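Just so it is clear, the values below take in all heavy atoms, side chains as well, and ignore hydrogens, waters and symmetry mates. All values derive from a computational prediction rather than experimental measurement. Whatever order the structure lists ligands and atoms in, that order sets their numbers, starting from 1.
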Amino acid sequence: MPVPPWPAPDAQQHWNEHYGQRDRVWSGRVNLRLSEVVETLAPGRALDLGCGEGGDAIWLASRGWSVVATDVSHVALERAAADAGELLSQIDFQHHDLEVSFPDGEFDLVSAQFLHSKIPLDRARVLKRAAAAVAPGGLLVIVDHGEAPPWSNHRHVEFPGAEEVVGSLDLDDSWVRVQVGPVEREATGPDGQPGHLIDNVMVLRRTR
Ligand SMILES: C[S@@+](CC[C@H](N)C(=O)[O-])C[C@H]1O[C@@H](n2cnc3c(N)ncnc32)[C@H](O)[C@@H]1O
């Protein structure tokens, strides 16, 4: 195989540098769309893909879920584990580059919240593995940006639509669409600036 003259982009290095730029990158709060879906569910086993600094994993654990939370960044995972406190006994933080390896097991809830990356990421492959990890009766919850937040440096980036993402999963008829489409909300940016956001919300149930 010919070797390219440029170094291959390294997801781990990229995301460690990203998290290393600030003491805290995200708010620490649970993602709104995930909380809306989970609020009415009985706790079970959850898998959080691209968990970042652990806001969702810690919230799930506080509601009684047993959580496997994974990210490619050691910096983010260490921060998340430090924030978890006593709830750490309910969260298994695992390091994976999801293009290379994937947590073992079946889960009642598999969540991928804003699993976007500037480093090339075969999301369709990762999200198909995510669907395969959902136990019968369980939910796959994917939330993507519909467009870049107004405070983002990446306003030019186009995000795939919810239908396109669901189509890329090649799901069979054992799956039911609970919610698929954009949802809008007002939010506050990292420096306190108000902004209008579009979330592409995909909630899919595996029936058998
Ligand atoms: C936009 S952030 C979202 C973080 C978190 N889910 C949230 O909503 O706050 C994307 C996350 O995906 C992680 N990520 C990106 N590529 C990854 C990969 N190949 N394997 C595992 N995690 C990855 C990043 O480290 C980052 O924490």
Side-chain angles (χ1 to χ4, degrees), residues 8-38 46-61 65 67-84 91-104 107 109-130 132-133 140-155 157-160 165 183 185 187-190 195 197-203:
D10 179 329
Q12 178 170 308
Q13 184 185 348
H14 168 81
W15 282 101
N16 277 339
E17 284 172 7
H18 179 80
Y19 283 105
Q21 283 168 11
R22 299 167 83 141
D23 289 343
R24 179 172 296 282
V25 172
W26 312 118
S27 70
R29 291 191 298 277
V30 63
N31 278 300
L32 175 65
R33 302 304 172 208
L34 179 67
S35 69
E36 288 171 347
V37 173
V38 169
L47 173 61
D48 183 6
L49 300 170
C51 65
E53 294 165 322
D56 291 347
I58 293 168
W59 181 83
L60 286 165
W65 289 76
V67 186
V68 173
T70 182
D71 203 280
V72 73
S73 167
H74 286 291
V75 176
L77 289 171
E78 281 165 19
R79 233 170 247 179
D83 277 359
I91 310 174
D92 179 6
F93 285 109
Q94 298 183 10
H95 179 259
H96 291 272
D97 179 340
L98 292 168
E99 282 205 315
V100 178
S101 60
F102 199 90
D104 291 331
F107 301 87
L109 170 71
V110 177
S111 169
Q113 302 292 308
F114 306 106
L115 182 59
H116 300 295
S117 184
K118 278 182 278 175
I119 296 293
L121 171 66
D122 186 348
R123 282 203 350 141
R125 185 158 147 254
V126 172
L127 294 176
K128 278 182 191 170
R129 291 195 72 175
L140 175 62
V141 181
I142 303 168
V143 179
D144 284 349
H145 290 303
E147 61 181 31
W151 45 80
S152 159
N153 296 328
H154 308 289
R155 291 292 287 167
V157 174
E158 280 197 20
F159 293 90
V165 173
V183 183
R185 66 183 157 111
T188 306
L197 301 188
I198 300 175
D199 299 324
N200 286 343
V201 181
M202 294 151 265
V203 183

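- Between the choices L77, V126, D122, D71, the shortest heavy-atom distance to atom 13 (C) of ligand 1 belongs to D71.
- If you look at H96 next to ligand 1, the close heavy atoms, those under 4.0 Å, all belong to the backbone.
- Under a 3.5 Å cut-off, the side chain of H116 and the backbone N or O of H145 do form a donor-acceptor pair.
- Residue contacts with ligand 1 for N31 involve side-chain atoms from C-beta outward but no N, CA, C or O (heavy atoms, distance under 4.0 Å).
- For ligand 1, the atoms sitting less than 4.0 Å from at least one non-hydrogen atom of G52 are 27 (O), numbered in the order shown with element in parentheses.
- The backbone N or O of C51 lies less than 3.5 Å from no partner atom in the side chain of D56, so there is not a single donor-acceptor pair.
- A donor-acceptor contact under 3.5 angstrom links the side chains of Q13 and E17, judged on distance only.
- Not one N or O of C51 is nearer than 3.5 Å to an N or O of ligand 1, by distance alone.
- Although no hydrogens or angles enter the test, the distance criterion places a donor-acceptor pair under 3.5 Å between the side chain of R125 and the main chain of E99.
- Geometrically, ligand 1 and L115 share no nitrogen or oxygen pair separated by less than 3.5 Å.
- The structure places CD of E53 at 12.0 Å from CD of E78, a figure rounded to the nearest 0.5 Å.
- Across all their heavy atoms, L115 and L121 have their closest contact at O-CD2, 4.1 Å.
- Protein heavy atom closest to atom 24 (C) of ligand 1, with residue, atom name and distance, is W15 CD2, 3.3 Å.
- More than 12 non-hydrogen atoms from other residues, nucleotides or ligands lie less than 6.0 angstrom from CZ of R24.
- On a distance-only criterion, E99 and ligand 1 share no N/O pair closer than 3.5 Å.
- Scanning the protein for heavy atoms near atom 20 (N) of ligand 1, the closest one is L98 N, 2.9 Å.
- Neither the backbone nor the side chain of E53 has any atom closer than 4.0 Å to an atom of ligand 1 (non-hydrogen atoms only).
- Within 6.0 Å of the CG atom in D23, the count of heavy atoms belonging to other residues, nucleotides or ligands does not exceed 12.
- When only interatomic distances are considered, the shortest N/O to N/O separation between D56 and ligand 1 does not fall below 3.5 Å.
- Near L121, meaning under 4.0 Å from one of its heavy atoms, ligand 1 places the atoms 19 (N).
- Of the protein's non-hydrogen atoms, the one nearest atom 19 (N) of ligand 1 is D97 OD1, 2.9 Å.
- Residue contacts with ligand 1 for F114 involve both N, CA, C or O and side-chain atoms from C-beta outward (heavy atoms, distance under 4.0 Å).
- Here D48 has no heavy atoms under 4.0 Å from ligand 1, in either its backbone or its side chain.
- Among protein heavy atoms, the minimum distance from atom 2 (S) of ligand 1 is reached at W26 CZ2, 3.5 Å.
- Here F102 and H96 keep their ring centres 6.0 angstrom or further from each other.
- The shortest contact between atom 17 (C) of ligand 1 and any protein heavy atom is with V72 CG1, 3.8 Å.
- A donor-acceptor pair under 3.5 Å is absent between the side-chain atoms of R33 and the main chain of D144, judged by distance alone.
- Counting only heavy atoms of the protein, atom 6 (N) of ligand 1 lies nearest to G50 O, 2.7 Å.
- Residue H116 approaches ligand 1 through these ligand atoms, each under 4.0 Å from one of its heavy atoms: 10 (C).
- Distances between N or O atoms of Y19 and those of ligand 1 include at least one value under 3.5 Å.
- Between Y19 and W26, the ring-plane angle classifies as perpendicular under the 30° and 60° cut-offs.
- Using cut-offs of 30° and 60° on the angle between ring planes, the pair H14 and H18 is parallel.
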